[in-house]
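See below for the structure under consideration.
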Number of protein chains: 2
Amino acid sequence: MTARKKVVSIEDVARAAGVSITTVSRVINKFPTVKEDNRRKVEEVIRRLNFKPNLAAQRLASGSNYTIGLEIPRYEGIFYSFYAMEVFRSVGIACDNLRVDFLLHLTDGKTSVNAAAVGGVVFADVINNRQHVEDFLKAGTPVVLMNYLAADMDVSSVSVDNAAGAKTAAEHLIHLGHNRIAFVTGDMATQAAQDRLEGYKTALKDAGLAMTEEWVLRGDYSRKSARAAAEKILGMAAARPTAILVSSDDMAMEMVSAFIEGGLKVPEDISIIGFDDDPVCLYGPVALTTVRQPIKEMAQEAVKELYLRMQDPDRQINKIILSTELIIRDSARAPKRSP
Amino acid sequence: MTARKKVVSIEDVARAAGVSITTVSRVINKFPTVKEDNRRKVEEVIRRLNFKPNLAAQRLASGSNYTIGLEIPRYEGIFYSFYAMEVFRSVGIACDNLRVDFLLHLTDGKTSVNAAAVGGVVFADVINNRQHVEDFLKAGTPVVLMNYLAADMDVSSVSVDNAAGAKTAAEHLIHLGHNRIAFVTGDMATQAAQDRLEGYKTALKDAGLAMTEEWVLRGDYSRKSARAAAEKILGMAAARPTAILVSSDDMAMEMVSAFIEGGLKVPEDISIIGFDDDPVCLYGPVALTTVRQPIKEMAQEAVKELYLRMQDPDRQINKIILSTELIIRDSARAPKRSP
DNA sequence: ATGAAAGCGCTAACAG
DNA sequence: CTGTTAGCGCTTTCAT
C-alpha cells in the first residue's frame with residue numbers, strides 16, 4: 001500500500017524539461033524518434049527528480065504486464081531439494097536478465113498464481129495443479145511448462161529427456177559388466193520419476209537382462225526413503241544387486257553412507273549412480289557418478305519462450321526437450337569378479 | 001503482455017446486473033453498504049461472466065499495491081541451503097495466507113527489487129545490499145528486515161538470537177564435561193555466522209575455558225569447507241578437541257561422515273552439534289543434536305509486520321528477536337574419560 | 001444505499 | 001520529430 005505521497009509524475013518531468021509528456025514517455029520507452037538533445041534533457045530531469053514511472057499506470061495504459069509468474073508445487077518431497085533451489089535461482093536470474101518481475105507462487109494444488117498480477121506463467125512440474133494450467137490457457141494467458149511434457153495439451157514446454165538419461169546411466173552400468181542392477185525411484189507423483197523408471201526398464205530389456213520387481217525400490221526423493229531402500233538392499237544377502245541407479249543425488253548420497261555404515265565399500269562392493277549433479281556429489285566419501293539435468297538451461301529456455309509468447313501470443317507452440325549428460329566420477333565401476 | 005483481448009470489465013458486470021459500476025466496485029471491495037439483494041445479483045453476474053478486476057487499474061485508482069517483495073542474496077554459500085529454501089517457502093506461504101502477491105528478487109548486490117512493482121519489501125539477510133534497504137527507506141516504502149538486526153537503522157526487523165543459541169549449545173557441551181571444544185564458522189559475511197561465533201566465545205569465556213584460535217575453523221556453510229575443517233581436526237593428533245559446534249547442519253553432517261571415514265566414532269570419540277534443525281539431521285549415521293532456529297515463525301512475523309506497516313506506514317518500529325531451541329539428539333554426549 | 005463524475009499516471013493514435 | 005487528446009478500468013468523493 002504505497003501511501004499516496006507526492007510522487008513525481010511524468011507531468012512534473014515534462015514541465016521541468018520543457019517538453020510534452022509524450023516525449024517523456026518516448027524516452028522512457030526508448031523510442032528511437034526523439035531528438036538527441038531532448039532525450040538528454042529529459043534523462044537529466046528524470047535523474048534529478050528521481051522519477052520512477054508508475055507501473056500500474058503503465059500497465060493499465062499499455063495493457064501489458066511484464067511480470068512472470070512461477071507456479072511450483074510445494075510438497076516437501078520435491079520442494080526441499082537442490083532441484084527446486086536451482087529452479088528458483090535460474091528462473092530468478094533469467095527474469096533479472098530480461099528485466100521482468102518474478103512472481104513466485106508455491107502451490108499446494110489449491111491456490112494458483114494471481115492471474116491478474118502476471119503477464120504469463122511458468123509451471124515448474126505439474127502435479128495436482130493441471131487444472132490451473134488449463135485455466136490459464138483458456139483465459140488466453142501465455143503459459144510455458146517446465147520439466148513437464150504434456151503430450152496432450154496444446155502448450156509450449158521445456159523438459160528434459162529423463163527416460164534417455166536413466167537409460168544411458170543404466171547402459172553405462174551394463175557396459176561396466178553389471179547384470180544385477182537395482183533402481184530407486186523418486187516420488188512417482190512427478191513425471192520425471194516415472195520417466196526415469198521407464199528408462200531403466202528399457203535399458204534392461206534392451207540388454208536382455210531380467211527385470212526383478214524386487215529390485216525396483218520405491219523412494220520419494222527423501223533421504224529417509226533412500227535409507228530404507230539401502231537397508232532393504234543390505235538385507236538381500238543372497239543375490240544382492242551389484243549396482244544401483246538412484247533417482248536423485250541426495251538419495252544416492254544417503255545410500256552411500258548407509259552402505260558404508262553397513263560394511264560395504266562403494267564402489268568396490270556396489271556401484272551407485274545418482275541423478276541431478278547436485279554439488280553434494282563431490283564432497284562425500286566418493287565422488288558420485290551422476291546424470292546431470294540442465295536445470296539452468298531449462299529455466300532460461302522456459303522464461304525466454306514465455307517472454308516471446310507474451311509478445312506474440314499466437315507464436316507457434318514449442319515443445320523443447322533437453323538432454324541429460326552422464327557425469328562419470330568414482331561411484332560406479334566394474335563389478336568384482338563373480339565368486 | 002496480456003494481449004488486449006475483449007476482457008469483461010466492471011462496466012459489463014454493472015450493465016448485466018442492472019446497477020452502476022460503483023455498486024459493483026463496492027461488492028468487489030466488500031463494502032458493508034450494499035443491499036443484500038444487489039450484492040447477490042452482482043456476485044452472481046461476476047461468477048457467470050468470470051469477471052476478474054484489472055489489477056493495474058485497481059492499483060492505479062487506489063494508489064495501493066499489496067505485492068510484497070522479498071530480496072535475498074543469491075551467493076552460492078547461503079543460497080543452496082535448507083535455510084534459504086525454508087525462507088522462500090515460509091514467506092511464500094505467509095503471502096498466500098494474507099492473499100498478497102509475492103515478488104521474489106535474488107540479488108547479487110547490484111540489482112534490487114523493482115520498487116514500482118511492490119508495496120513493501122522484506123530483506124532476508126543483508127550482505128552487499130545494505131544500500132538497497134536505505135534506498136527503500138528513503139523512498140518511504142515499508143521495509144522489514146529478516147534474519148538481520150540493524151542496530152543503527154531505523155527499521156523493523158525480525159531476527160534470531162544466534163549468539164544465545166550458540167552459547168547455549170556450547171554450554172551444553174561444557175556441562176557434558178567437554179573442555180576442548182572447537183567451532184566451525186559459517187560464511188562470515190553473514191550476520192548469523194558472526195553472532196554464532198560470538199556466542200561460542202562467550203560461553204567458553206564464561207566457563208573459564210581457554211579459547212584456542214586454532215580451534216576456530218573457518219567454514220562458509222559449504223560441505224566442502226566442512227570436510228576441510230574435519231580433515232584439519234583429524235590431523236590434530238595431539239590434543240584434539242572432543243567436541244565441535246558447527247554453524248550449520250549440512251556442514252555438521254559432512255563432518256560426521258568425514259570423521260567416520262577417518263575412523264572416529266560419533267559421538268563416542270567426538271561430539272558434534274549442528275545448527276538449523278535441517279531434516280537432514282535425522283537420517284545420517286547419527287541423529288544430530290542441533291540448534292533450531294524458527295525460520296517459519298521469522299518469515300511469518302516479517303510478512304505480518306510488513307503487511308501492517310503497508311497499512312500504516314507510520315507504525316512504530318519493531319525489532320523482534322526470536323529465540324533458538326537446542327534439540328538434543330544423539331551426536332553429543334559426555335566425553336570418554338581422559339586417558 | 002446508490003450513482004455520476006472526476007481522476008489515478010501513463011500510452012497510443014493522430015495530426016502536424 | 002513532437003504535441004494533443006482520448007482513453008486504459010477502477011476507486012473515490014460528493015450528491016442524492
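Just so we're on the same page: letters track the sequence lines, and every chain starts at 1. What you see is a predicted model, and the numbers here were worked out from it, not measured in a lab.
Residue B:Leu60 has its side chain nearest to C:dG9 when only C:dG9, D:dT2, D:dT11 are considered. In the set C:dG3, D:dG3, C:dA12, the nucleotide with an atom closest to the side chain of A:Phe31 is C:dA12. In the set C:dG9, C:dT2, D:dT12, C:dT2 carries the atom at the smallest distance from any side-chain atom of B:Thr33. Residue B:Gln58 places its side chain closer to D:dC10 than to any other of D:dT12, C:dT2, D:dC10. Closest to the side chain of B:Thr23, out of D:dG9, D:dT2, C:dT2, is C:dT2. Among C:dT11, C:dG7, C:dC10, the nucleotide with an atom closest to any side-chain atom of A:Asn29 is C:dT11.
Base contact: B:Thr22 has a heavy atom under 4.0 Å from a base atom. Across all strands, A:Val24 comes closer than 4.0 Å to no nucleic acid atom at all (heavy-atom distances). Using a 4.0 Å heavy-atom cutoff across all strands shown, B:Arg26 reaches at least one base atom of the nucleic acid. Within the nucleic acid shown, A:Ser9 comes within 4.0 Å of sugar-phosphate atoms alone, with no base atom in reach, counting heavy atoms only.
Checked for salt-bridge contact, B:Glu301 and B:Lys304 meet the test: a charged N lies under 4.0 Å from a carboxylate O. One finds no salt bridge joining B:Lys52 and A:Asp135 here, because no Lys/Arg side-chain nitrogen approaches an Asp/Glu carboxylate oxygen to under 4.0 Å. Under the 4.0 Å criterion applied to side-chain N and carboxylate O atoms, A:Lys138 and A:Glu134 are not assigned as salt-bridge partners. The pair B:Arg40-B:Glu36 meets the salt-bridge criterion, with a side-chain N (NZ, NE, NH1 or NH2) lying under 4.0 Å from an Asp/Glu carboxylate O.
A close approach under 4.0 Å does not occur between any side-chain nitrogen or oxygen of B:Ser62 and OP1 or OP2 of D:dT11. For D:dG3, one of the phosphate oxygens OP1 or OP2 lies less than 4.0 angstrom from a side-chain nitrogen or oxygen of A:Ser20.
Using modelled atom types, one finds a donor on one side chain and an acceptor on the other under 3.5 Å when comparing B:Tyr75 with B:Asn128. For the residue pair A:Thr67/A:Arg59, the side-chain donor-acceptor check at 3.5 Å is satisfied.
Distance A:Glu11 CD to D:dT4 P: 11 Å, rounded to the nearest Å. Separating the CZ atom of B:Phe51 from the P atom of D:dG9 is a distance of 10 Å, rounded to the nearest angstrom. The distance from atom CZ of B:Arg15 to atom P of C:dA4 is 13 Å, rounded to the nearest whole Å. For the pair B:Asn54 CG and C:dC10 P, the computed distance is 16 Å after rounding to whole Å. Atom-to-atom, CG of B:Asn65 to C1' of C:dC8 comes out at 14 Å; the value is rounded to the nearest Å. C:dC8 atom C1' lies 13 Å from atom CD1 of A:Ile10, rounded to whole Å. For B:Tyr66 and D:dT11, the OH to C1' distance is 14 Å, given to the nearest whole Å. If you measure from atom CG of B:Leu55 to atom C1' of D:dT11, you get 14 Å, rounded to the nearest angstrom.
DNA chain C is contacted by both B:Ile21 and B:Ala57; B:Ile21 maps to the nucleotide lying nearer its 5′ end (nearest heavy atom per residue).
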